[in-house]
There are 2 protein chains.
Amino acid sequence: MSESASPVKFRPEEIPAELGGLRMTKQRKEVYCLLMDQRDHPTAQDVFIRAKERMPNISLATVYNCLEALVNHELVRQVNFDRAPSRYCPNLEEHVHFQDLETGAIHDVVFKKGININDFLELPEGVEVRELELTLKGIMPSSTKKN
Amino acid sequence: MSESASPVKFRPEEIPAELGGLRMTKQRKEVYCLLMDQRDHPTAQDVFIRAKERMPNISLATVYNCLEALVNHELVRQVNFDRAPSRYCPNLEEHVHFQDLETGAIHDVVFKKGININDFLELPEGVEVRELELTLKGIMPSSTKKN
DNA sequence: AGAAAGAATTGGAACAATTCTAATTAAATT
DNA sequence: AATTTAATTAGAATTGTTCCAATTCTTTCT
């Protein structure tokens, strides 16, 4: 599980002009850095508010556009809990999400090493899984929270 | 995996006046029967359209109210795929959902017998999982579809 | 049974997240 | 430098859902 803020600050000027086939504009760099920097699964609104600190003229539409572009180019993942506002996550490792019902914080959880989807699901022969989204909600013991 | 229409028709008049602590009104019976009858994971809109066939005066608000009541009393499960309209499912067995990307159809998938969440996820010690939602998207071989 | 209280239903308004639109600005290509 | 193409912007529109106040149904109480 991880909620670690990165020790290095990501700076827009260090982001290459293109990333994963996506042209990185000023706004996209900003949004991307901010996600990399504060990996707390913000909503589009959260991103908007944070982005405005450094780019006061950025619009919410642009934030949505940037997030969509980043998601489409698989630089960022979109995370949905029920029908709550989507959240965004720059962790590209395969993982799932756990929401602490007490704090609302979202944590990344990984699969056991070597585990395969057919090891735990009764999928019919030949089914090809293209996307998997697993979300958990529950209670974290406070001891674990600190880490 | 199942998408089986039940062989018996569920009739509102056969539903008891109370179910799982929920007073079953005329509308709730209708909504519940319709879900039990056609287990294809309809949206609230779908339910509304179907319900109107037998109850032309039912309102969309009532359908939402009924579905909410049924979900709260755990007679029905709410299923979310990304931010698409919620769908409703009367299958109370523990299961997850697979959407066929070709047809849009949603199928129920069960866990392997005896599998435990800690068998496939790297959850920190002491975390108590209260809710789990797993959704899959992919392609079903047409041979499998027929069944 | 009739009155009173409580709950559910209804239609429409309100809401919140997201998407769309048309105009402007910025970047890339010629 | 001119032209084409793409991205950004503000605001309007859309969509699924929830809220609201009025009415209708049930249930409970005399």
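In the text below, chain A, chain B and the rest are named by the order of the sequence lines, each starting its count at 1.
- Rounded to whole Å, the distance from OH on Y64(B) to P on dC19(D) is 13 Å.
- The pair R130(A)-E128(A) meets the salt-bridge criterion, with a side-chain N (NZ, NE, NH1 or NH2) lying under 4.0 Å from an Asp/Glu carboxylate O.
- Among the protein residues, T43(B) comes within range of no part of the nucleic acid, since none of its heavy atoms lies under 4.0 Å from any strand.
- Residues satisfying the ring-ring contact (aromatic ring centres under 6.0 Å, His included) test with H95(A), not counting sequence neighbours, are H97(A).
- What separates CZ of F48(A) from P of dT9(D) is a distance of 9 Å, to the nearest Å.
- The 5' end of DNA chain D is approached more closely, in terms of each residue's nearest nucleotide, by Q78(B) than by the other of Q78(B) and N65(B).
- When DNA chain C is scanned in the 5' to 3' direction for atoms under 4.0 Å from non-hydrogen atoms of chain A, the outermost contacting nucleotides are dA17(C) to dA27(C).
- When each of dA6(D), dC19(D), dT17(D) is scored by its nearest atom to the side-chain atoms of A61(B), the top-ranked nucleotide is dC19(D).
- Under the 4.0 Å criterion applied to side-chain N and carboxylate O atoms, D119(A) and K112(B) are not assigned as salt-bridge partners.
- At least one side-chain nitrogen or oxygen of R28(A) sits closer than 4.0 Å to the OP1 or OP2 atom of dA7(D).
- Rounded to an integer number of Å, the gap from Q27(A) CD to dA6(D) C1' is 12 Å.
- In this structure, T25(A) reaches the sugar-phosphate backbone alone: every heavy-atom distance under 4.0 Å involves primed, P, OP1 or OP2 atoms, never a base.
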